[in-house]
Student: 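Okay, here's the structure, questions in a sec.
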2 protein chains.
Amino acid sequence: MSQHRPPGAPERPVAVPALPDLPEATVARLPEYLRALHNLAENGHETVSSEWLATAAGVNSAKLRKDLSHLGSYGTRGVGYDVALLIDQIEYVLGLTQRRTVALVGVGNLGHALAGYDGFATRGFRIAALFDSDPVRVGEEINGLVVRHVDELSRVATEESIAIGVIATPAAAAQRVADRLVAGGVTSILNFAPCVLTVPDGVDVRKVDLAVELQILSFHEHRKASLTALPAAGEAPLTPLPGSLAATDPQEAIGT
Amino acid sequence: MSQHRPPGAPERPVAVPALPDLPEATVARLPEYLRALHNLAENGHETVSSEWLATAAGVNSAKLRKDLSHLGSYGTRGVGYDVALLIDQIEYVLGLTQRRTVALVGVGNLGHALAGYDGFATRGFRIAALFDSDPVRVGEEINGLVVRHVDELSRVATEESIAIGVIATPAAAAQRVADRLVAGGVTSILNFAPCVLTVPDGVDVRKVDLAVELQILSFHEHRKASLTALPAAGEAPLTPLPGSLAATDPQEAIGT
DNA sequence: CGCGATTTGTGCGTGTCTTCACAAGCGCTT
DNA sequence: AAGCGCTTGTGAAGACACGCACAAATCGCG
């Protein structure tokens with residue numbers, strides 16, 4: 001993990017105390033709070049109560065307060081939180097005060113969509129390079145960026161100080177791509193390929209698998225169906241399901 | 001199927017036991033085990049030890065055993081797990097024995113990619129209908145499916161017994177789409193729009209926000225940078241940070 | 001038939017996350 | 001200035017998840 005932060009660009013050298021080590025669960029929620037706060041700011045709100053912000057972010061208000069308390073107290077009792085201040089705080093903690101460059105590898109079906117997804121740019125990330133191994137795709141221009149061959153990956157990643165690599169290749173290619181990203185100094189990887197990546201210590205990998213999400217939902221569908229099929233049998237079923245008419249699930253198949 | 005296990009009576013070994021309520025964390029890992037198992041099956045393996053399967057899935061072996069024990073014991077001590085049997089078990093528990101139909105709403109940048117993503121079909125999900133509100137997109141054919149207008153959503157969802165709705169619209173439209181899905185009897189929603197959905201009890205929502213993933217990675221980048229920048233801040237930094245290469249060593253740190 | 005090698009299943013200690021409940025603090029009003 | 005209503009911040013308890021370590025079970029072999 002070679003830290004290739006250019007020494008000439010120090011981050012916010014002042015104000016904020018040393019970066020606290022937040023619970024992982026808190027970190028995962030901060031972006032959600034941030035999004036809700038931006039909505040509030042656009043609507044002209046200057047302060048917000050924990051109750052309000054919590055519902056906007058879809059969480060319990062006590063949890064929200066505890067989360068925010070981890071970054072130092074920036075609320076005013078009896079009033080709430082200053083929206084603008086809180087935005088600054090969260091953006092600082094998340095490291096969004098400096099725009100991070102992203103390299104996207106694999107410009108297939110999904111990669112193409114990611115390259116054109118404007119949600120990245122609007123939230124502080126700049127896709128700086130695209131890569132693919134297919135010679136047909138190399139050279140193609142997407143959103144003003146030319147697709148380069150994956151052989152250049154390590155070199156370009158180093159040159160452009162890529163902070164985050166996004167892998168949108170087939171599973172078979174993902175590990176090789178990850179190795180090249182690491183070799184290029186990248187220490188954060190977002191993996192869309194359905195496989196487990198092996199990386200050195202100090203490199204963070206997050207995995208997003210769309211089919212996995214569907215499978216988790218499928219489990220809950222299955223469970224709900226089996227609950228309605230077996231009414232009370234010693235165990236109290238949860239709620240009587242208010243509007244569960246629908247008749248979506250005729251009978252759950254049992255065989256293979 | 002409405003049989004409930006009578007106390008004392010032995011379970012039918014062939015018929016599947018009553019659906020256990022698994023810990024949520026376990027459910028989230030089962031798809032990963034399933035993927036690894038399919039890989040093993042393709043390579044001709046008939047049994048697998050917990051150690052092997054655990055590394056293939058990127059988890060601790062004790063955790064894997066405990067997860068599997070929740071679905072009833074299907075391993076043989078001294079030998080391991082029967083790959084085919086375990087696949088059947090997990091697929092049953094996840095409700096994948098019956099193919100679930102998916103409706104995809106929003107055929108923009110991301111939605112287009114999802115419609116063409118073959119990872120869904122290969123893992124038991126069939127996209128049965130596409131919807132959009134843009135009249136220009138309505139009528140377009142993608143992968144053999146014609147995009148319908150979102151006004152038809154509720155009706156079609158009911159008619160086609162849609163099990164899962166996928167929302168890939170802008171945030172502003174997502175809640176309206178969710179309402180229509182619910183009205184059409186859909187009880188599971190996968191939401192790609194960056195907003196919180198409000199749904200009745202009994203409806204499950206999972207959210208995937210690509211920008212959030214990047215922001216979480218950004219936090220860790222920030223933390224890593226501040227650690228190397230401020231070596232002595234009262235806390236001892238983790239490892240002395242070995243050289244950047246050392247490509248393949250499975251001492252991996254699981255990023256989740 | 002018994003023994004050793006192997007691997008599962010799980011009890012238990014530990015740590016993390018969540019939630020409740022309430023004291024402390026702030027501003028507004030009188 | 002004092003009181004009051006409102007909201008934050010947090011201690012404590014409960015719920016959940018994790019991983020170790022070991023007993024129980026199974027197979028293969030002599």
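Proteins get letters first, then strands, A, B, ... in listed order; numbering begins at 1 in each.
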Student: Take atom CG of B:L30 and atom P of D:dA17, then tell me their distance rounded to the nearest Å.
Tutor: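 Rounded to the whole Å, the gap is 13 Å.
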
Student: When you measure from the side-chain N and O atoms of A:K63 to the phosphate of C:dT18, is any distance below 4.0 Å, counting only OP1 and OP2?
Tutor: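 Yes, because at least one side-chain N or O of A:K63 sits under 4.0 Å from OP1 or OP2 of C:dT18.
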
Student: Between A:P23 and B:V79, which has a closest nucleotide on DNA chain C that is more 5'?
Tutor: B:V79

Student: Reckon A:S73 has a side-chain N or O less than 4.0 Å from the OP1 or OP2 of D:dG9?
Tutor: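 So the side-chain polar atoms of A:S73 do come within 4.0 Å of the phosphate oxygens OP1 or OP2 of D:dG9, strictly under.
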
Student: Please state how far atom CG in B:L22 lies from atom C1' in D:dA17, giving the value in whole angstrom units.
Tutor: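 Spelled out: CG on B:L22 to C1' on D:dA17 is 14 Å.
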
Student: Please report, rounded to the nearest Å, how far the P atom of D:dC20 is from the CG atom of B:N60.
Tutor: 5 Å

Student: Is the number of heavy atoms from other residues, nucleotides or ligands under 6.0 Å of A:R176 CZ greater than 12?
Tutor: no

Student: Looking at the base of C:dT19, is there any donor atom on it, or on the side chain of A:K66, that sits under 3.5 Å from an acceptor on the other one?
Tutor: yes

Student: How many whole angstroms separate atom CD of A:E51 from atom C1' of D:dC6?
Tutor: 12 Å

Student: Enter the distance from B:L94:CG to B:I90:CD1 here, rounded to the nearest 0.5 Å.
Tutor: 7.0 Å

Student: How close or far is atom P of D:dC27 from atom CD of B:E46, stated in whole angstroms?
Tutor: 15 Å

Student: If we only count heavy atoms from C-beta on, is the A:E24 to B:I216 side-chain gap below 4.5 Å?
Tutor: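 Yes. Closest side-chain heavy atoms under 4.5 Å.
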
Student: Heavy atoms only, 4.0 Å cut-off, all strands: where does A:A25 land among base, sugar-phosphate and nothing?
Tutor: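 The residue A:A25 makes sugar-phosphate contact but no base contact.
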
Student: Please determine whether a side-chain nitrogen or oxygen atom of A:S50 lies at a distance below 4.0 Å from atom OP1 or OP2 of D:dT8.
Tutor: yes

Student: Taking for each residue the nucleotide of DNA chain D bearing the nearest heavy atom, is the 5' side occupied by B:R65 or by B:E24?
Tutor: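 Per heavy-atom nearest nucleotide, the more 5' residue is B:E24.
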
Student: For residues A:D209 and A:P194, report the shortest heavy-atom separation together with the two atoms involved.
Tutor: OD2-CB, 3.3 Å

Student: Calculate the interatomic distance between A:D82 atom CG and C:dC26 atom P; express it in whole Å.
Tutor: 15 Å

Student: Rounded to whole angstrom units, what separation is found between the OH atom of B:Y81 and the C1' atom of C:dG9?
Tutor: 7 Å

Student: Figure out the NE2/C1' separation between A:H70 and D:dG9, and round it to whole Å.
Tutor: 11 Å

Student: Indicate, yes or no, whether a donor-acceptor pair under 3.5 Å links the base of D:dT26 to the side chain of B:R77.
Tutor: no

Student: Measure the acute angle between the ring planes of B:H45 and B:W52, then classify it against the limits of 30° and 60° as parallel, tilted or perpendicular.
Tutor: tilted

